[in-house]
Amino acid sequence: MQRTRIAEVLSSKKINGRFTLMGWVRTRRDSKAGFSFIELNDGSCADSIQLIADQKLSNYKNEIQRLTAGCSIKAVGTLVDSPGKGQKMELQVEEIEVLGWADPEIYPLQKKRHSFEFLRTIAHLRPRTNTFSAVARVRNAMSYAIHRFFQEKGFLYIHTPIITGSDCEGAGEMFKVTTLDLDQVPQSGGRADFGQDFFGTPASLTVSGQLEAEIYALAMGDVYTFGPTFRAEDSNTSRHLAEFWMVEPEMAFCDLEGNMDLATDFLKYIFAYVLDNCKKDMEFFNRFIDTSVIETLEELVSREFEYITYTEGIDILSKAKEDFEFPVSWGTDLQSEHERYLCEKVFGKPIILMDYPKEIKSFYMKVNKDGKTVRAMDVLVPKIGEIIGGSQREDDYDTLLDRIKEAGLNPDEYWWYLELRKFGSVPHSGFGLGFERLIQFVTGLSNIRDVIPFPRTPGNVSF
Ligand code: 4AD
Ligand code: MG
């Protein structure tokens, strides 16, 4: 089957060129002059193309006039300048073949607009809508830009494992991977006997590729990983998923300052790439989802981010005349209301918050000379809050061992991670970017479930 994508046809401007198009009908209406106007979309771009079918076509009455939203067709015709409003070009059809019907009585996408909640229940059809096809194209462009950014900088792409035996964040929010019969779990000493399990030991889905990325950074310098990560936290919010994608660079011979520089360069590169390469889709989001997205991204490409320490942040928050649900004091973890207050009300732009108290951060972060804070940095953005979490890593063997014990973790399970601090340890740093949160920020979509094709959240794993 030979066809030309609508994106290519519309950008080719080959007036009088002959094309074969295939796609799904969005709308169809008849004109009094004996024509049928069909809006055809194939997902290759935001625009549909208008087809003009003359009543002289042999299947005009039997088929063409019966076409409704969702039907798939093949159309052969000539591209001409359009006299009508709303499009520059249209296809003068010579032949239409119906590939698949979509019964209008039961095809769910009849109306022009549906709620996002409803569309989530039909994840098999929602990519046929303007919003979800635009999200898919922008998500694709951003994935490509991420690889391009790191490849241009000489970073190596490392495939870190999805099944793992260690908990990177030490928070115990992991999905177990097992082939044991859950109706009859073998026991040993009153507990599940993982000795009889597939791996002979407990295994889980990874929450982050960081620890394995560190292994490669400490051999090859600058690396990154970009893959799915899993968190079994019971968070039913607009910014949490149980399965999400994370981008994690890791750099040897790099301190926290270098890490923050990379994070800001990286974000600016992605924003600029999307503005340059996804114009139509961004115009769509700017018109229908959030009227400030384009301006926000344009500003960020040229503006500096704000850098403040956690201590300064707490100071600002405790003086704020704002009714927070969660009170703040030095040592407490920031809630999203605090993150958003700092970004939206105080600075009006993304901020990088650093040097958090060690008690509220992961065991692997480098302890500052004050002994109280760690070399952590979170990038917070308006409307969403944290999109990046990173740090300089603890590279001193004894300090790391103490931190692992303090965190209540078993040092035996981290023997290899500790050993990296025994043999040729170097200062190194990295961060993790939540890919879906970045897509939310770029598109303006307020719910994270709408920027991933198949969202997994507590109580929801339908197809
Ligand atoms: O801050 P986090 O937990 O950091 C790490 O996992 C580090 N190991 C990363 C590193 O240094 N290599 O997660 C990183 C980012 C967060 O800032 C957030 O954007 C995103 O991952 N994230 C989630 N996104 C969607 N749903 C969830 N449940 C998320 N949890 C974290
Ligand atoms: Mg974090």
Side-chain angles (χ1 to χ4, degrees), residues 158 160-161 163-174 176 191 194-195 199-223 225 229-233 246 248-260 309-311 330-333 354-378 389-432:
I158 305 295
T160 51
I163 300 176
T164 174
S166 47
D167 182 354
C168 171
E169 292 306 302
E173 290 168 333
M174 304 182 83
K176 295 189 173 62
R191 309 187 66 182
F194 288 103
F199 297 106
T201 175
S204 306
L205 295 178
T206 190
V207 294
S208 158
Q210 176 195 325
L211 303 190
E212 293 87 354
E214 281 186 54
I215 295 177
Y216 273 78
L218 293 179
M220 314 191 74
D222 299 323
V223 304
T225 174
T229 49
F230 307 86
R231 298 208 178 169
E233 52 186 331
M246 219 200 292
E248 296 181 273
E250 192 68 36
M251 296 160 286
F253 319 109
C254 178
D255 57 15
L256 190 71
E257 283 66 30
N259 201 19
M260 294 192 287
T309 63
Y310 167 89
T311 305
W330 202 94
T332 53
D333 208 355
M354 54 199 167
D355 295 332
Y356 284 73
K358 64 177 183 181
E359 284 75 20
I360 58 171
K361 286 291 183 189
S362 300
F363 67 93
Y364 52 71
M365 297 187 179
K366 185 161 183 66
V367 181
N368 273 315
K369 290 208 178 73
D370 63 13
K372 291 195 309 195
T373 58
V374 284
R375 303 248 72 197
M377 63 105 176
D378 280 3
S391 66
Q392 185 167 337
R393 317 306 189 188
E394 185 54 73
D395 51 12
D396 178 71
Y397 182 92
D398 295 321
T399 315
L400 181 63
L401 183 60
D402 287 346
R403 291 277 289 145
I404 289 177
K405 288 183 191 157
E406 272 169 30
L409 301 170
N410 179 0
D412 293 345
E413 287 174 17
Y414 296 89
W415 66 272
W416 50 272
Y417 191 67
L418 281 158
E419 213 162 75
L420 293 172
R421 279 71 181 165
K422 229 190 239 175
F423 308 130
S425 185
V426 302
H428 63 288
S429 301
F431 64 80

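All of these numbers come straight from a predicted model, not from anything done at the bench. We count residues from 1, following the sequence as given.
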Looking only at non-hydrogen atoms, find the nearest pair between [X] and [Y] and report the distance.
X      : Y      : answer
Arg231 : Val207 : NH2-O, 2.9 Å
Gly430 : Asn259 : O-ND2, 2.9 Å
Leu256 : Met377 : CD1-CG, 3.8 Å
Tyr417 : Gln210 : OH-NE2, 4.0 Å
Gly331 : Pro357 : CA-CG, 3.9 Å
Ser429 : Cys254 : OG-O, 2.7 Å

Quick one: pull up [atom1] in [X] and [atom2] in [Y] and give me the separation to the nearest 0.5 Å.
X      : Y      : atom1 : atom2 : answer
Leu218 : Leu420 : CG    : CG    : 5.5 Å
His428 : Glu394 : NE2   : CD    : 9.5 Å
Leu211 : Ile215 : CG    : CD1   : 8.0 Å
Asp396 : Asp398 : CG    : CG    : 5.5 Å
Ile163 : Lys176 : CD1   : NZ    : 15.0 Å
Ser166 : Glu212 : OG    : CD    : 5.5 Å

So do the side chains of Val426 and Phe253 get within less than 4.5 Å of each other, counting heavy atoms only? yes

Less than 4.5 Å apart, any side-chain heavy atom of Leu400 and any of Leu418? yes

Between Ser362 (side chain) and Tyr364 (backbone), is there a donor-acceptor pair under 3.5 Å? no

In chain order, what residues pass the side-chain contact (heavy atoms from CB on, under 4.5 Å) check against [X], with sequence neighbours excluded?
X      : value
Asp255 : Glu257, Gln392
Ser204 : Met174
Asp370 : Asn368, Lys372, Thr373

Just jot down the salt bridge (charged side-chain N to carboxylate O under 4.0 Å, His left out) partners of [X], sequence neighbours excluded, or say none.
X      : result
Asp395 : Lys366
Glu248 : none
Glu359 : none
Lys361 : Asp378

When you compare the side chains of Arg393 and Ser391, does any donor N or O come within less than 3.5 Å of an acceptor on the partner? yes

Can you see whether Thr160 engages Thr225 through a side-chain donor-acceptor pair at a distance of less than 3.5 angstrom? yes

All N/O donor-acceptor pairs, side-chain side in residues 406-414, below 3.5 Å, sequence neighbours left out:
from	atom 1	to	atom 2	distance (Å)
Asn410	OD1	Asp412	N	3.0
Tyr414	OH	Asp167	O	2.7

Using ring pair (Phe, Tyr, Trp, His ring centres under 6.0 Å) as the criterion, list what pairs up with Tyr356, not counting sequence neighbours. Tyr310

Residues two or more places apart in sequence or in another chain: which of them pass ring pair (Phe, Tyr, Trp, His ring centres under 6.0 Å) with Trp416? none

Pair listing, ring pair (Phe, Tyr, Trp, His ring centres under 6.0 Å) test, anchored in residues 199-223, at least two apart: none

Could you note down all residue pairs passing salt bridge (Lys or Arg N to Asp or Glu O under 4.0 Å) where residues 414-428 supplies at least one of them, sequence neighbours left out? Glu214-Arg421

